[in-house]
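Computed from a predicted structure; not experimentally measured. Labels below follow one simple rule: chain letters A, B, ... track the order of the sequence lines, proteins then strands, and each chain is numbered from 1.
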Amino acid sequence: MASKDLGIEQYRRRQRFWNVVESPYVVHLVLFLSVFFIVGPLAWELLTSFKTNQAVYNLTYLPREPTLESYYIALFDRGFWRAVVNSIIIASASTVAVMILGTPAGYVFSRYRFPFDNLVFTFVLFTRLFPPIGLVVPYYRIMRFFGILNTRTGIVIAYVYLWLPLVIYIMRNFFITIPQELDEAARVDGCTKIQAFRHVVFPVVLPGFAAGTILTFLYSWREFLFAFTVSTDLSSMTIPVATYLFVGDTSIQWASMAAAAVVATIPSALVVFFFQRYIVVGLTGGLKR
Amino acid sequence: MSDVYRRVPETTFGRVKQLVSEFANDHVRLVLLGPALVSLLVIFIYPVAYLVWSSMQRTLAFGVGAEFAPTANYAAMVEDPTFWSAVEKTLTYSFGSFAVSMLAGLVIALALNNVVRKRLRDTYTTLILLSWAVPLSIVGVTWRWMFNGQLGVVNKILRDVGLLSQNFSWLANPDTAMAVVIMADAWSRIPFATIIILAGLQSIPQEMYDAARVDGATTLQTFRHVTLPYLRPSFFVAGLITWMFAFRAFAIPFSTTGGGPASATEVLAIYIHRFGIELFDFGFASAVSMFLVGVTLIVAGIYVNVILEQISEIEA
């Protein structure tokens, strides 16, 4: 390609430079720095959370006397444990609802033709890309009208709107990878169309289903905008909202806020640790496959 | 469609059951797709219609009533300098976050692609995915805490290293506040960019690299003539999504600075939230929302075209 116009000496000199750039040392150095940048802020929250709210003012890197006091203050004195319960209920309920609605829909888009099918699919994609912030004010007023402000139901409804299009899209992409002959074979063996979907094709896409479930759960767990708009009431607010509300205090209890942040992050972190591969599959689910 | 040879059930329940399953079989599209579409219609189309309608209502004092005035809110919006300043901040914010996360994502993905051992690569990927999984408001309060003027760890490190002689109030200065918010946003977006770009890198056939090597290409030339062309689609998709989602970002800027100091980081989403939820000026907030929706839909149109193109490639 290029060695023609580059002298061989010049080529060697340049390539020596790039060999250094590509060497394992540089690669791992880059990755170490990146990991430090990513994990550093989380580590700092973790260290802060083991201090007391007063010890924070001593400006030490490590907690001098590690204690769980801030956790106690956050979880019990401030009633934060109820936000934990709310978050678990809301994330689970919305994940179940979204997967039950979205999986069959994705299957239909991958298999069947019907009038305006491309248009309907484009509509689903647009729903996904529509900026949710635009619907915050309507949602707020509609929910106030129906009396579901400050309820878990309200947040779950908002989450179905947020993640259903995404799950339809992801599941469709997974179903497309399964050859249609599988359905036909099941039909020949006497399955109804529904049975072919439920008992033959669905089990094959279980990994994809798992990816969709994990992604939906994580997205619901970390969502803030709707949870914050729809509910700031202890009976229904989620962990991200409860953690944010520390900011409103006249003097912020930094250590307790850090403890709350750690409590909010641990479940996400565990999911990432155990299901990293599924998350990667889910995130890239819409691309080349 | 029903099966001729099927045994006729004897009980009423059995007959009903058979009828239901026959109906489901005959209308399989309706049964499987219907619930999802109806839900979307109710929880998406209804609020959207409500948004359009309320953007054409002038809200009276304290949100207790409204009168029909189709263009009043839009006119007020266009004439309002604070709106344009929010637009400008949103552009700075979204392009800043886009640039940082795409650049970092590219570098990290290239590095990850050079890690030979799969176990090690997976470990790095897991650690890098962590910031993506952190709840968005936690990202905000974490960066708020790190950059706190008196107690923040960033000031402490800079002073211990000797780069600062006294504390600097990062979040009280308009420029540094914007920079911190952009970094916080990019921090949570880097993993996504990395994953998508890495997937693109891994789809490049090894033969292309071998051929380039045989031809005597330097690494830089290989990158320019082999890697980049192959990478373009996934880089494009990652970039579009990153920018689009940064453009509408609410949670991270809101929980890091709350839009301050003095609205220096008040992006459109915070602006909408302030007028719609805090000041009860629903009409004006809806008009601004319509603007944000319009911009997003244009970009989304490009994205959907790309996606549909890729899908038809796969189906062909």
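A donor-acceptor contact under 3.5 angstrom links the side chains of B:Tyr124 and A:His28, judged on distance only.
Considering every non-hydrogen atom in both A:Leu101 and B:Ala36, the closest pair reads O-CB, 3.5 Å.
Judged by distance alone, the side chain of B:Trp187 and the main-chain N or O of A:Phe37 form a donor-acceptor pair under 3.5 Å. Remark: the backbone N or O of B:Ile43 is paired with a side-chain donor or acceptor of A:Tyr139 at under 3.5 angstrom.
For the set B:Phe192, B:Tyr46, B:Trp132, the entry with the most heavy-atom pairs within less than 4.5 Å of chain A is B:Trp132. With chain B as partner, the option from A:Val30, A:Leu31, A:Ile194 having the largest number of non-hydrogen pairs under 4.5 angstrom is A:Leu31.
Counting only residues at least two apart or in different chains, salt bridge (charged side-chain N to carboxylate O under 4.0 Å, His left out) contacts with residues 262-283 of chain A comprise A:Arg277-B:Asp122.
Atoms CD1 and CD, from B:Ile195 and A:Gln276 in turn, are 6.5 Å apart once rounded to the nearest 0.5 Å. The OG1 atom of B:Thr126 sits 6.5 Å away from the CZ atom of A:Phe273 when rounded to the nearest 0.5 Å. Separating the OH atom in A:Tyr112 from the CZ atom in B:Arg29 is a distance of 7.0 Å, to the nearest 0.5 Å.
For A:Ile214, no part lies under 4.5 angstrom from a heavy atom of chain B. Of the two parts of A:Tyr107, only the side chain, counted from C-beta on, holds a non-hydrogen atom closer than 4.5 Å to a non-hydrogen atom of chain B. Heavy atoms of B:Val48 lying under 4.5 Å from chain A belong to its backbone as well as its side chain. Proximity to chain A (any heavy atom under 4.5 Å) is shown, for B:Leu112, by both the backbone and the side chain. Residue contact with chain A, scored on non-hydrogen atoms closer than 4.5 Å, is absent for B:Ile252. Of the atoms belonging to B:Ser39, it is side-chain heavy atoms, and not backbone ones, that fall under 4.5 Å from chain A.
Checked against the 6.0 Å centroid criterion, the rings of B:Phe147 and A:Trp44 do not qualify as a close aromatic pair. Side-chain rings of A:Phe130 and B:Phe44 approach one another, their centers coming within less than 6.0 Å.
Looking at heavy atoms from C-beta onward, B:Leu130 lies out of side-chain contact with A:Val35 at the 4.5 angstrom threshold.
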Exercise answer: donor-acceptor pairs, residues 135-143 of chain B side-chain atoms, under 3.5 Å, sequence neighbours excluded:
from     : atom 1 : to       : atom 2 : distance (Å)
B:Ser137 : OG     : A:Pro240 : O      : 2.9
B:Thr142 : OG1    : A:Glu45  : OE2    : 2.7
B:Thr142 : OG1    : B:Ile138 : O      : 2.6

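Taking the centre and axis of the six-membered ring of A:Trp254, the NZ or CZ atom of B:Arg144 falls outside the cone set by 45° and 6.0 Å. A cation-pi geometry, defined here as NZ or CZ lying under 6.0 Å from the six-membered ring centre and within 45° of its normal, holds between A:Arg141 and B:Phe282.
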